[in-house]
Structure formats: C-alpha cells, structure tokens
Amino acid sequence: MISGIDAYNPGFLANLNNIENRLAKENNEVSSGIRVNEPSDDPGAIASILDTQSQIDQVTQVQKNLNLANVTAQTADGAIQNAGSLLDQLVSIAAQGASGTTNAATESALALQVKNIQQELVSVANTSINGQYIFGGDRPGVAPYTLDTNAPAGVVPAPTELSLSGNLQSGGPSYSQNVSVTDSLGQSHTLTLTLAPTPPNTWAYQITIPASQIALVAATSYTTAGSATLTVADATGIAAGQTVSGTGIPAGTTVASISGNQITLSNNASATGIAPLAFGTPAADPTLASGTLTFNADGTLSASTSNPVAINISNLADGAENMTVNWSLFDASGNGLITQLAQPSSLTAQTSGASNTAILRDASGNSIVPGILASQIFDSQDGVAGSGVFSQVHALWQALQSGDHSFIQTAALNLKSAVTQVNEAGTNYGDLENWISQANQDASRRQTDLQTNLGTLRDADIPTVATQLTMDETALNAAISAHATLSNKTLFDYIG
C-alpha cells in the first residue's frame with residue numbers, strides 16, 4: 001500500500017526559522033545585556049563602537065599610569081619631608097655648636113650627630129620602590145649618591161656612564177679620542193683617551209684632562225699650625241713644585257711631595273682649620289687613569305678588561321663639586337664594544353648622565369614631568385660651588401670637627417639655604433600630586449562618559465527586548481499549534 005505523503009509548506013518553515021532566529025538573538029541580548037555581539041548585528045554601529053572602546057582602553061591605561069605615578073610622588077614627597085626634618089635637626093645642632101659655649105667634647109659629639117644625619121640624608125636621596133630609585137630619573141637602577149666623607153660634598157654622585165665602541169687597526173698607529181663629559185654644575189669638560197699599540201694584541205691606554213680644566217683651588221684641606229702636612233679631598237692635578245697659597249700658607253710655599261691625598265709643603269702652615277688652597281696650574285695634563293687593553297685572537301676585547309674605569313675629579317676649574325665617570329669598554333651583557341681588526345681605527349664615544357625625560361599624560365593629552373632628579377633636590381642650583389644641600393651639611397660636619405667657631409657660625413648660616421632648597425622640592429611634589437589628583441578626577445569623568453556612550457551604541461534595551469521575546473515565543477507556539485491541526489491525509493486515503 002502507498003503510504004501517506006505529509007503536506008510540505010516551504011513558506012511556513014521559512015517563517016518558523018525566522019522566528020527561532022529572532023528568539024535566539026533576543027535570548028542572547030537578555031542574558032548578556034549586549035545588543036551588538038558581532039558585526040552582523042548592526043554593521044553601521046561597529047565603527048563607532050570600536051572607536052569608543054579604543055578611547056576607553058586609552059583612558060584606562062592613563063588611569064593606571066596616574067595611579068603608579070601617584071604612589072611614586074607620595075613616596076617622594078614623604079622622603080623630602082623626611083629630609084626637611086633632618087635638616088631642621090641640623091639647624092638646631094648648628095645653633096648649639098655656634099653658641100660659643102661648647103667645648104671640644106661637645107663639638108665632637110655634635111659632629112658625630114651631623115655625620116649620622118648626613119648618612120640618613122643619603123638614604124633619603126636613594127629612596128627606592130621595588131629596586132627603582134625614585135630620584136634616579138632615566139637611570140632608576142643607579143643610586144643617585146654614595147656617602148664619602150673624603151669627597152668635597154661628603155657624597156659622590158652617580159657617575160656619568162661613558163662607553164666606547166668601534167674598531168682599532170691591528171698593529172696600527174696610536175689613536176686619540178676626545179670625549180665631553182658633564183660635571184655636577186652641568187659644565188662640560190674634555191677628557192682625552194690615548195691608545196698606543198703594544199703588539200701583538202695589547203694596547204696601552206691613558207685618560208687625561210687638560211691642565212686648564214683643573215681647579216686652582218683645592219676645595220677641602222686640613223691644616224695644622226706649625227705643620228707642613230695637609231690633606232686635600234682630591235690630589236688630581238696637584239704636582240710637586242707647584243706654588244701654593246691660601247689662609248695660613250706663607251708666601252713662596254710650594255708642593256714638596258704628594259702621597260695619596262697627603263700633601264707636604266715646603267713651609268709650615270701658620271693657621272689651623274680648613275682653608276681653600278690655591279695651587280699653580282699643572283705643567284702637564286694630569287692623567288686620570290691608565291691601563292692595558294688585551295684582545296683575543298679573533299679581535300674581540302678580552303674579558304680581563306671588563307671592569308669599568310672609574311674616574312672622580314673634584315677640583316675642577318669651574319668650581320663644580322665633582323665629576324665622576326664610569327668608562328665602560330663592555331656593554332651590559334659583557335660583550336666587547338671595542339674590536340681590533342685590520343682596518344683604520346674608528347671609535348665612537350657615548351655618554352649618559354643624569355636626566356629625566358619621562359612624561360606623564362592625562363586623559364586629554366596634557367603632560368607633566370612626573371618628578372625631579374636627586375641633583376635638583378640636593379646639588380647646587382645656582383652654579384656656585386659648595387652651595388648644595390650635601391655641601392652645606394658636610395661643611396657643618398667639618399666645622400664642628402675643626403672646633404673653629406667662626407667656621408661653625410658660617411656653616412650654620414649657610415645651612416638655611418639648604419633648608420630652603422629642600423622645601424622648594426617639596427612644593428614641586430605637592431604641585432605634582434595635585435596635578436595627578438585632578439587628572440585622575442578628569443579621567444574618571446571621561447571614563448564614565450565613554451562608558452555611557454558605549455552603552456548607547458552597544459547595549460540592549462532589556463524591557464523592549466523582553467517584550468519582543470514574549471511576543472515571538474507566543475507567535476512560535478501559535479504557529480506550531482496551528483500547523484498541528486492541519487490534515488496530513490492524501491487523495492489515496494479518500495479513494496482507497
């Protein structure tokens with residue numbers, strides 16, 4: 001017997017499929033709250049949605065940057081407040097030492113207190129977060145200062161990083177390279193590197209500075225009445241035979257001999273205490289460092305010369321507190337920057353000193369430098385040697401050690417400028433924190449506006465969608481029920 005053939009209605013099935021697709025989309029919108037889940041949902045809105053989302057991502061990153069900068073700024077502000085408190089203690093100590101009623105034992109005790117506070121100030125200047133020095137600028141991995149009571153300011157700043165790269169001609173002639181480096185006052189000085197071949201694979205190097213750039217004054221010296229021996233902070237550029245003049249130094253005095261930083265004069269000093277001494281210009285350019293470079297057979301620099309050459313000069317002609325240089329012949333990974341090849345010598349010098357090129361932006365694109373360098377807080381800001389914070393603190397320590405009340409009184413008076421300088425740095429960070437706070441508020445408002453705009457473009461109207469969902473479910477059920485009542489009998493059922 002021939003079986004019945006069900007009625008087939010293509011239009012009905014197509015309409016049924018459309019309702020089911022609408023129901024699926026409506027259910028998705030209700031559950032996710034999103035109207036545009038894919039480009040086909042609303043092709044005309046996609047460009048606006050993507051642009052708005054991109055702006056939201058940018059503002060989110062701005063907020064993260066602001067929050068990180070705020071933590072650093074607050075830490076820096078706290079550190080500067082701590083420095084101000086330490087300087088206030090020093091002002092009190094200086095007033096006590098300058099009173100004229102102290103004895104040698106009291107002055108010695110006060111000097112020890114100053115030295116301890118000086119060390120605390122260095123720690124403040126070297127404040128770090130997660131191993132990053134917050135006053136280090138573009139070199140956050142390098143401590144801004146190292147305590148050194150033999151240095152003119154009592155500290156040695158982070159050195160200028162200097163490296164040489166290029167080729168030396170194997171067995172070639174001697175080679176010289178001039179390099180400009182910057183001191184603590186921002187003044188440039190020229191160092192000269194001379195390389196002389198000593199075949200087959202070694203070169204002797206010598207680093208000099210022109211005699212004209214060496215100071216005529218030793219910033220720190222200790223003299224004793226009736227003694228021909230004194231100590232200077234840095235003997236660079238001082239040579240036997242140079243004339244010497246200064247408070248307590250008889251006319252016609254010359255340098256008799258030098259041993260380290262100990263200078264022996266041709267005459268006895270006639271005064272005690274600390275006095276600047278003027279030395280005659282050296283007859284030849286002083287040598288700052290010398291040594292030997294050894295190359296491997298393949299022309300690469302031997303690891304035996306991997307340690308950087310450290311140079312510290314304190315008696316510079318422009319009165320700068322000091323200039324410290326780390327002369328590196330290797331890069332950070334230990335690879336030689338200089339090679340020895342059979343071609344003309346050609347070396348390039350690169351220097352990297354303290355700088356701060358970081359920029360912090362708000363949501364509108366406005367920018368600010370998020371912090372200041374340690375040198376801007378503690379070093380001389382007026383180009384006058386010895387006027388920085390550490391210099392003033394160190395001068396007080398030296399004055400208390402010497403027991404000379406006139407020096408103590410001068411140091412106590414000069415210390416006030418150090419307090420002012422640190423307070424100005426605190427004001428700078430206060431302004432920065434206010435800027436960050438305002439930028440954060442603006443970013444939050446902008447984020448809210450963008451999220452609202454994104455919602456208008458992308459989010460579903462839940463009440464409207466829910467109503468449409470109910471209507472489509474009703475329509476689907478009605479269509480299915482109506483279809484079920486249709487007869488599926490064929491012509492053969494009636495004639496059979």
TODO: Dump the intermediate steps for side-chain contact (heavy atoms from CB on, under 4.5 Å) on W327 and E161, then the final yes or no.
DONE: CA-CA 6 Å; W327 196 307; E161 299 290 346; over 6 Å; no

Task: T160 versus T182, closest heavy-atom pair with distance - done: OG1-O, 3.8 Å

Task: Under 3.5 Å donor-acceptor, T300 side chain and N296 backbone - done: no

TODO: Evaluate the side-chain proximity of L360 to W435: yes if any heavy-atom separation is below 4.5 Å, no if none is.
DONE: yes

Open item on the list: Is the shortest side-chain heavy-atom distance between E107 and N103 below 4.5 Å?
Closed with: no

Task: For Y145, the option from Y133, F390, F135 that meets ring pair (Phe, Tyr, Trp, His ring centres under 6.0 Å) - done: F390

TODO: Please check if the side chain of Q392 supplies one atom and the backbone of V389 the other of a donor-acceptor pair under 3.5 Å.
DONE: no

Task: S92 side chain to D88 backbone, donor-acceptor under 3.5 Å - done: no

Task: Main-chain N/O of T75 paired with Y429 side-chain donor or acceptor, under 3.5 Å - done: no

TODO: Check whether any side-chain N or O of T420 sits under 3.5 Å from a backbone N or O of K416 as a donor-acceptor pair, and report yes or no.
DONE: yes

Open item on the list: One pair to check against side-chain contact (heavy atoms from CB on, under 4.5 Å): D138 and N356. What are the steps and the verdict?
Closed with: CA-CA 5 Å; D138 294 339; N356 188 17; 4.2 Å; yes

Task: Result of checking T287, D285, T192 against Q206 for side chain to side chain donor-acceptor pair (under 3.5 Å) - done: T287

Open item on the list: Closer than 4.0 angstrom, basic N to acidic O: yes or no for R445 and D442?
Closed with: yes

TODO: May I ask you to decide if I377's main-chain N or O and Q421's side chain share a donor-acceptor pair within less than 3.5 Å?
DONE: yes

Task: Sub-4.5 Å side-chain heavy-atom contact between I93 and I117 - done: yes

- [ ] Indicate yes or no for a side-chain donor-acceptor contact from T106 to the backbone of T102 under 3.5 Å, with no hydrogens or angles considered.
- [x] no

Open item on the list: Quick check: do Q61 and K64 have side-chain heavy atoms less than 4.5 Å from each other?
Closed with: yes

Task: Shortest non-hydrogen separation from L337 to S163 and the atoms involved - done: CD1-CB, 3.6 Å

Open item on the list: Tell me the closest heavy-atom pair linking G154 and L147, and the distance in Å.
Closed with: O-CD1, 3.5 Å

TODO: Walk me through it: do V419 and V91 pass the test side-chain contact (heavy atoms from CB on, under 4.5 Å)?
DONE: CA-CA 9 Å; V419 175; V91 169; 3.8 Å; yes

Task: Donor-acceptor contact present, side-chain N67 to main-chain Q63, <3.5 Å - done: yes

Task: Whether over 12 other heavy atoms sit under 6.0 Å from Q74 CD - done: yes

Open item on the list: Tell me whether Q213 contacts the main-chain N or O of T190 through its side chain, where contact means a donor paired with an acceptor under 3.5 Å.
Closed with: yes

Task: Minimal non-hydrogen separation, R361 against L66, with atom names - done: O-CD2, 4.2 Å

Task: Side-chain donor or acceptor of N428 paired with backbone N/O of E424 under 3.5 Å - done: no

Open item on the list: Set out, in order, the CA-CA distance, both residues' side-chain angles and the distance that settles side-chain contact (heavy atoms from CB on, under 4.5 Å) for T208 and L288, then state yes or no.
Closed with: CA-CA 5 Å; T208 60; L288 306 178; 5.8 Å; no

Open item on the list: Atom CD of residue position Q350 - does it have more than 12 heavy atoms of other residues, nucleotides or ligands inside 6.0 Å?
Closed with: no

Task: Shortest non-hydrogen contact from A289 toward I311 - done: CB-CG1, 4.5 Å

TODO: Return the minimal non-hydrogen interatomic distance between I258 and A240, and the atom names on each side.
DONE: CD1-N, 4.1 Å

